[in-house]
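Computation of the quantities below employed the complete heavy-atom set of this structure, encompassing side-chain atoms and omitting hydrogens, waters and symmetry-equivalent molecules. Proteins come first, then strands; the chains are lettered A, B, ... in the order of their sequence lines, and each starts at number 1.
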Amino acid sequence: MNFSEFKRQLGAEPRNQDPEFLAARDANPEFRAAAEEAERLEDRLDAALSMKMPLGLLEGITRIPQESARRDGSAGPQTWRWVAAAAAIVVTVGFASMRWYESTFQWESVEAFASEIWTHDGSMMLEQADGQPMDPSEARELLASVGMNASSALVAQIDVLHKCRTPDARGAHMVVITEQGPVTLIFMPKVQTENGHVRPFGDQVAATLSLPRGSALLFGPNEEIISAVYAMAREGLQPAS
Amino acid sequence: MSTESDKQARFERLAGQYAIDLYRYAMWICGNDALAKDLVQETFLRAWKALDKLKDSGAVKSWLITILRREYARTFERKVPKFSDIDHVVVEEEQELPPEDQTEIRLLRQGIASLAPKYREPLLMQVVMGFSCQEIADELGISKSAVMTQLFRAREQLKLKLQKDGVTGKVHELF
């Protein structure tokens with residue numbers, strides 16, 4: 001292992017216990033000095049991140065089983081019927097205007113999947129986006145692992161890209177930078193949809209895009225922003241050979 | 001011992017073992033004391049309800065972090081919290097450190113707070129939760145190589161912050 005690779009691993013995992021890493025560290029004074037400096041920074045990081053347990057937090061947590069049992073006991077059947085009815089109305093109204101092809105997967109429908117992934121991960125992914133494109137080779141590698149190639153134009157605008165669960169297969173969840181703002185694109189390898197018009201989706205608008213293999217969901221703050229990525233994805237996302 | 005009391009004992013062990021780390025993690029992703037406490041409470045409430053489904057005790061850390069991150073995402077969707085309280089949270093043992101070390105730690109805390117989330121979160125998973133690079137990759141759905149790059153860059157930015165603010169005598173030429 002050369003010094004450059006050693007420093008890369010040291011910066012990523014200073015307390016790495018890999019035998020090869022430790023052997024390299026112990027074999028060379030320069031490596032050892034770098035490791036000692038890194039260890040010192042880790043000690044400071046530990047101290048900087050330390051916090052005391054807030055008063056009452058642990059006690060509150062340990063009361064959860066009792067309080068949960070009490071709440072469950074006090075909620076009668078009548079209460080739950082109202083809750084169920086309200087939830088059904090919300091779901092029906094929320095998705096009444098959306099038409100998707102359904103498939104056989106663990107979510108009841110594509111809209112159920114869209115709702116879940118947007119609720120769970122949509123904001124967090126947008127938060128991770130910093131307006132800078134990610135490493136193109138990393139983006140290509142991740143897309144290839146879910147069976148897709150992307151055009152250079154599209155790759156150059158990907159800010160964040162993670163693999164994610166999608167109906168029947170692992171897909172990709174990415175944030176694409178545009179001049180007007182970020183657009184979220186979720187590639188679903190095993191789902192077929194029709195090309196959808198842009199439709200309201202909470203405080204966003206959403207669209208479906210049929211691809212040569214699978215399909216994609218796009219989320220953005222308005223139709224204009226989505227349209228720019230829609231066209232680029234339609235041309236630029238192709239099955240990996 | 002009944003099954004219910006076994007479950008409760010197991011839950012209390014989890015709380016004792018992970019509550020502080022989850023609070024630190026929550027505090028460092030949202031920067032808001034009240035919200036961090038709510039996130040941890042909600043995480044353990046959901047953990048209690050789903051505890052019977054947790055068969056692999058080795059996966060408990062990842063399981064709890066996944067719940068917490070999802071709770072945070074839901075909260076974030078409703079309202080973007082203000083990252084404001086970090087400076088008010090007491091650092092353990094800080095008072096026992098020499099003044100120059102206290103300065104360095106304060107700078108590091110500022111640096112951590114100002115890291116982009118894509119660098120800060122893997123760093124927190126590693127340093128606060130003790131995750132390996134592979135575990136972080138699995139949690140974030142990115143490659144191990146990408147995690148290593150983000151961790152490297154996070155530390156590089158912190159080191160630059162220390163250098164820029166004049167604390168260069170002790171942390172130098174690291175990368």
Side-chain angles (χ1 to χ4, degrees), chain A residues 7-14 16 33-34 37-38 40-42 44-54 56-58 60-62 64-68 118-130 132 134-135 138 141-142 145 159-165 170 172-173 202-203, chain B residues 7-8 11-12 15-16 19-20 23-24 27-28 33 37 40-41 44-45 48-49 69-70 72-74 76-77 89-94 97 101 104-105 108-109 112 116-118 121 124 126-128 133 140-143 145-149 151-152 155-156 158-159 170-175:
Chain A
K7 284 194 293 185
R8 192 182 80 85
Q9 291 194 24
L10 188 63
E13 201 169 9
N16 189 347
E37 292 291 355
R40 190 180 171 285
L41 180 64
E42 290 310 290
R44 288 293 173 263
L45 262 179
D46 285 337
L49 290 164
S50 277
M51 289 174 190
K52 284 183 177 169
M53 177 81 87
L57 180 61
L58 189 57
I61 293 167
T62 53
I64 284 173
Q66 289 80 17
E67 292 184 0
S68 181
W118 184 253
T119 301
H120 285 165
D121 300 324
S123 302
M124 191 176 289
M125 287 287 283
L126 285 171
E127 188 201 358
Q128 288 187 14
D130 60 5
Q132 301 300 317
M134 66 184 291
D135 180 346
E138 181 68 25
E141 184 187 332
L142 271 167
S145 73
D159 187 318
V160 186
L161 171 59
H162 292 184
K163 284 193 278 190
C164 66
R165 285 196 316 145
R170 294 280 275 178
H173 183 156
D203 61 351
Chain B
K7 182 182 173 186
Q8 188 158 339
F11 178 77
E12 286 177 7
I20 182 61
Y23 171 73
R24 291 165 70 199
M27 192 65 201
W28 277 105
D33 184 47
K37 289 176 194 166
V40 175
Q41 283 269 3
F44 276 103
L45 175 60
W48 166 252
K49 289 178 176 172
R69 293 179 73 239
R70 287 185 168 182
Y72 179 55
R74 288 194 187 97
F76 201 86
E77 188 164 272
V89 180
V90 178
V91 182
E92 279 187 292
E93 299 171 359
E94 187 176 5
L97 295 169
D101 288 352
E104 192 178 4
I105 285 172
L108 269 177
R109 290 161 71 82
I112 295 163
K118 72 177 176 184
E121 214 174 359
L124 294 174
Q126 187 182 61
V127 180
V128 174
C133 290
L140 296 178
I142 58 179
S143 70
S145 162
V147 168
M148 292 182 72
T149 301
L151 288 167
F152 179 91
R155 288 191 170 86
E156 191 174 50
L158 294 176
K159 180 202 149 203
K170 294 178 181 172
V171 181
H172 59 87
E173 298 304 323
L174 190 55
F175 305 115

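Contacts of B/F44 with chain A are made by both backbone and side-chain atoms, with heavy-atom separations under 4.5 Å. Looking at B/Q126, only its side chain comes within 4.5 Å of chain A, counting heavy atoms on both sides. Of the atoms belonging to A/L161, it is backbone heavy atoms, and not side-chain ones, that fall under 4.5 Å from chain B. Both the backbone and the side chain of A/L45 come within less than 4.5 Å of a heavy atom in chain B. At a 4.5 Å heavy-atom cutoff, the contact between A/L142 and chain B is made by side-chain atoms alone. Proximity to chain B is limited to the side chain of A/D130, based on heavy atoms less than 4.5 angstrom apart. Using a 4.5 Å cut-off between heavy atoms, A/E13 contacts chain B through both its backbone and its side chain.
The most heavy-atom pairs under 4.5 Å with chain A, out of B/A116, B/C133, B/G16, come from B/C133. If you tally non-hydrogen atom pairs under 4.5 Å between each of B/T149, B/L140, B/V147, B/V128 and chain A, the highest count goes to B/L140. For the set A/H173, A/E138, A/E141, the count of heavy-atom pairs under 4.5 angstrom toward chain B peaks at A/E138.
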Please assess A/R40 against B/E104 for the test salt bridge (Lys or Arg N to Asp or Glu O under 4.0 Å), listing each intermediate value before the final yes or no. CA-CA 12 Å; A/R40 190 180 171 285; B/E104 192 178 4; 3.1 Å; yes
Can you list the steps and then say if A/D121 with A/C164 is a side chain to side chain contact (heavy atoms under 4.5 Å, CB included)? CA-CA 10 Å; A/D121 300 324; A/C164 66; 5.6 Å; no
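Closest non-hydrogen pair, A/T62 versus A/Q66, comes out as O-OE1, 3.3 Å. Across every non-hydrogen atom of B/Y72 and A/M124, the tightest pair is CD2-CE, 4.2 Å. Residue B/L108 comes nearest to A/A48 through the heavy atom pair CB-CB, 3.9 Å, listed as atom of the first residue, atom of the second, then distance. Between A/M134 and A/V160, the closest heavy-atom pair is SD-C, 4.2 Å.
Expressed to the nearest 0.5 Å, how far CG of A/L49 lies from CD1 of B/I112 amounts to 4.0 Å.
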